[in-house]
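Residue numbers run from 1 in the order of the sequence given.
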Amino acid sequence: AASAKVDLVRRTALVDASLRGFGLEGISQPLARLAGGALNCSLHGEFPFEQPSGRLLVVTQEGGRGVVEVDGDSGRVDLERPKVWSVRGNVARSGRDFGGRLDYRVESVSRFGQEIAGPEVPLEGRLEGFADLRVAHGQVPRLDGQVTSMSLEVEGETAELVEPARYTVE
């Protein structure tokens, strides 16, 4: 369901929309498992034509929840699947580019791995870190990040990250 009000004289728009039971399985089975089932979403936006903005609230059947807020110059994400994973961060425009930091945490490596791969993953643990996102005009998006802490347990043995591990994804 959706509704919109447009004021052509003042050049503003008001949008309210909702989506119930949107399954992600047709897009990606691992994404559907990570999200925690079908999505229930509501979108609210009230903005001038020149600077679209809005707030998307998301809830899934298995407890996933969060919010994504955007305007013409920035965005904020705060999403989580309690006891499995979370991601929070902000991005902002700088000229024609966007960039910002996302902080993430995996509370259960076993459940996270199982939801991505399907079969049970025979290890437990947690990890956390951050990723600096850069989307530059005409270039491939880039993530520069660090896993800042990690603890894994397999068959009663524990391994800990001794120092942050850097990575880059392009």
Members sharing Val6's hydrophobic cluster, built from side-chain contacts under 4.5 Å between Ile, Leu, Val, Met, Phe, Trp and Tyr, are Leu8, Phe49
Do [X] and [Y] share a hydrophobic cluster (ILVMFWY, side-chain heavy atoms under 4.5 Å, transitive)?
| X | Y | answer |
| --- | --- | --- |
| Trp85 | Val67 | no |
| Val169 | Phe98 | yes |
| Leu161 | Val109 | yes |
| Val59 | Leu79 | no |

Rounded to the nearest 0.5 Å, how far apart are [atom1] of [X] and [atom2] of [Y]?
| X | Y | atom1 | atom2 | answer |
| --- | --- | --- | --- | --- |
| Arg101 | Leu133 | CZ | CG | 11.5 Å |
| Leu143 | Leu102 | CG | CG | 7.5 Å |
| Glu69 | Ser74 | CD | OG | 9.0 Å |
| Leu123 | Glu157 | CG | CD | 13.5 Å |
| Arg134 | Gln139 | CZ | CD | 6.5 Å |
| Glu124 | Thr158 | CD | OG1 | 11.0 Å |

Donor-acceptor pairs under 3.5 angstrom involving side-chain atoms of residues 20-44: please list them, not counting sequence neighbours.
from: Ser28; atom 1: OG; to: Leu31; atom 2: N; distance (Å): 3.2
from: Arg33; atom 1: NE; to: Glu115; atom 2: O; distance (Å): 2.7
from: Arg33; atom 1: NH2; to: Glu115; atom 2: O; distance (Å): 3.3
from: Arg33; atom 1: NH2; to: Ile116; atom 2: O; distance (Å): 3.2
from: Asn40; atom 1: OD1; to: Gly21; atom 2: N; distance (Å): 2.7
from: His44; atom 1: ND1; to: Asp16; atom 2: OD1; distance (Å): 2.6

message = Could you go through Ser86 and Arg88, starting from their C-alpha distance and side-chain angles, then the distance that decides it, and tell me whether this counts as side chain to side chain donor-acceptor pair (under 3.5 Å)?
response = CA-CA 7 Å; Ser86 65; Arg88 291 171 174 79; 3.2 Å; yes
**Prompt:** Between Pro82 and Gly63, what is the shortest heavy-atom contact and its length?
**Reply:**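 Heavy atoms of Pro82 and Gly63 come nearest at CD-O, 3.2 Å.
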Quick check against the 3.5 Å criterion: does Ser108 have a side-chain atom that pairs as donor or acceptor with the backbone of Lys83?
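Here the side-chain-to-backbone pair does not exist.
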Donor-acceptor under 3.5 Å (Asp103 side chain, Phe130 main chain)
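Not a single qualifying donor-acceptor pair exists.
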Original post:
Quick one: do Arg81 and Glu107 make a salt bridge, cutoff under 4.0 Å?
Top reply: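 No.
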Q | Atom CD of Glu50 with >12 non-hydrogen neighbours under 6.0 angstrom | A |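 Check passes, neighbour count above 12.
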For residues 159-170, which residue pairs pass the side-chain hydrogen bond (donor to acceptor under 3.5 Å, both in side chains) check, not counting sequence neighbours?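 As it turns out, the side-chain hydrogen bond (donor to acceptor under 3.5 Å, both in side chains) pairs with a partner in residues 159-170, which skip direct neighbours, are Tyr104-Tyr167, Arg142-Glu170, Asp144-Thr168, Ser151-Glu160.
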